[in-house]
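To start, the structure under review is shown below, and the notes come after it.
Only heavy atoms go into these numbers, but all of them, side chains included; no hydrogens, no water, no symmetry mates. Chain letters run A, B, ... following the sequence lines, proteins first and then strands; every chain starts at 1.
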Amino acid sequence: MPEGHSIHRLAAQFNSVFAGERLAVSSPQGRFAAGAALIDGEKLEAAHAHGKQLFLEFSNGLVLRVHLGLYGAWDFGGDSTFRGSSSIGAPRRVGEREMYDDGAPVAYSGPPEPVGQVRARLVSSHGWADLRGPTACEVLTGAERDAVVGRLGPDPLDPGADAQSFIERVRAKKTAVGTLLMDQSVVAGVGNIYRAESLFRQGISPYAPGKSLSADEVQALWQDLVGLLQDGVRDGRIVTTRPSDRFEPEGAAAATDAHYVYQRQGQDCRVCTAGIRLDDMGGRKLYWCPGCQQ
DNA sequence: GCCCTATGTTAAA
DNA sequence: TTAACCTAGGGCT
């Protein structure tokens with residue numbers, strides 16, 4: 001569900017509300033009980049994101065790795081201190097579908113009774129975070145964390161990312177670029193929406209073999225991903241349309257105005273006269289415009 | 001209530 | 001290439 005921008009927002013959220021705090025870690029659902037015991041009572045030193053992976057570094061050197069997968073989400077809550085320190089507003093949920101407090105004061109006397117399947121719960125003196133439905137939630141050593149990161153491609157949200165390695169990885173293969181963009185060892189953090197939208201914006205056919213693209217084309221694709229993902233971190237949602245290509249150019253983009261091709265199959269392209277297509281690519285839905293993406 | 005879907009990944013065949 | 005897995009919300013009956 002969440003693409004890389006959501007995970008970077010989560011890392012910022014953990015850093016602002018929990019960093020430096022000692023956390024009680026538990027698994028109300030039970031499936032993470034053994035892992036929780038390894039970090040329960042430790043201090044959260046820092047949170048980091050690489051692509052769709054979230055790493056929480058604890059004072060005993062262990063690292064909690066969380067991957068939200070398709071449906072995972074974190075819910076947050078706490079007192080006014082906790083809510084006020086949030087770096088991204090006062091969200092109740094970050095991940096799948098973000099929700100925000102309306103600003104009204106909320107009585108706080110500790111975390112609520114877990115409702116449903118809470119895999120992991122982190123509690124500080126001022127607030128709490130619940131994790132539901134992740135693909136991965138495990139405790140690693142620093143070396144194991146390094147190994148995970150080592151298997152990932154560069155992250156467009158990492159200021160020190162090696163764009164050249166992305167360009168080389170794409171141009172080394174005859175695999176379709178639409179498939180390569182979904183490969184986290186090629187580029188980390190891109191998912192189905194950014195895949196479809198960036199290829200549209202760059203006028204690249206998702207079926208073009210990586211090998212067939214020029215270095216300049218792949219460089220431009222990288223730069224576009226950097227900007228799109230940064231916008232996603234800032235906005236907490238994925239908006240890829242330029243205002244002039246929207247039906248309503250004024251104000252924030254409506255949900256129906258946020259994308260060029262994603263979930264617009266059968267509708268007219270915003271730019272040319274073609275109809276947006278929906279194909280299956282590697283078991284995932286591929287949205288593209290046969291007119292703009294030759 | 002039931003069926004479907006979803007911004008994802010991994011293991012088995 | 002296919003199936004399995006994790007969960008919640010929306011649309012339908």
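Atom CZ of A:R65 is separated from atom P of B:dT9 by 10 Å (rounded to the nearest Å). One atom, CG of A:L54, and another, C1' of B:dG8, lie 16 Å apart when rounded to the nearest Å. If you measure from atom CE of A:M182 to atom C1' of B:dA6, you get 12 Å, rounded to the nearest angstrom. Here the P atom of nucleotide C:dT7 and the CG atom of A:L68 are 13 Å apart, to the nearest Å. Atom CG in A:L131 sits about 17 Å away from atom P in B:dG8, given to the nearest Å. A:R9 places its CZ atom 14 Å from the C1' atom of B:dT7, with the value rounded to the nearest Å. Between the NE2 atom of A:H67 and the C1' atom of B:dT10 there is a distance of 11 Å, given to the nearest Å. Atom CE of A:M281 is separated from atom P of C:dT2 by 16 Å (rounded to the nearest Å).
Base contact: A:R284 has a heavy atom under 4.0 Å from a base atom. No contact: A:Y194 has no heavy atom under 4.0 Å from any strand. Looking at heavy-atom distances under 4.0 Å, A:R195 makes no contact with the nucleic acid at all. Backbone-only engagement by A:Q29 is indicated by non-hydrogen atom pairs under 4.0 Å involving sugar-phosphate atoms exclusively.
Note on A:R132: every side-chain N or O is 4.0 Å or more away from OP1 and OP2 of C:dC6. One finds no side-chain N or O of A:K52 lying less than 4.0 angstrom from the OP1 or OP2 phosphate oxygen of B:dT7. Using a 4.0 Å cut-off, some side-chain N or O of A:Y262 falls inside it from OP1 or OP2 of B:dT7.
Straight-line distance between the P atoms of B:dA12 and C:dC6: roughly 15 Å, to the nearest whole Å. Comparing the same atom, C1', in B:dT7 and in C:dT1 gives a spacing of 23 Å after rounding to whole Å.
Annotation: side chain of A:L68 is not in contact with side chain of A:K52 (no heavy-atom distance under 4.5 Å).
A:F18 pairs in a ring-ring contact (aromatic ring centres under 6.0 Å, His included) with only one of the listed residues (A:W128, A:W74, A:F58, A:F82), which is A:F82.
With ring centers used as reference points, A:F14 lies 6.0 Å or more from A:F55.
Looking at A:H126 and A:D79, their side chains do bring a donor and an acceptor atom within 3.5 Å of each other.
With rounding to the nearest 0.5 Å, the separation of CD in A:Q53 from OG1 in A:T135 is 10.0 Å.
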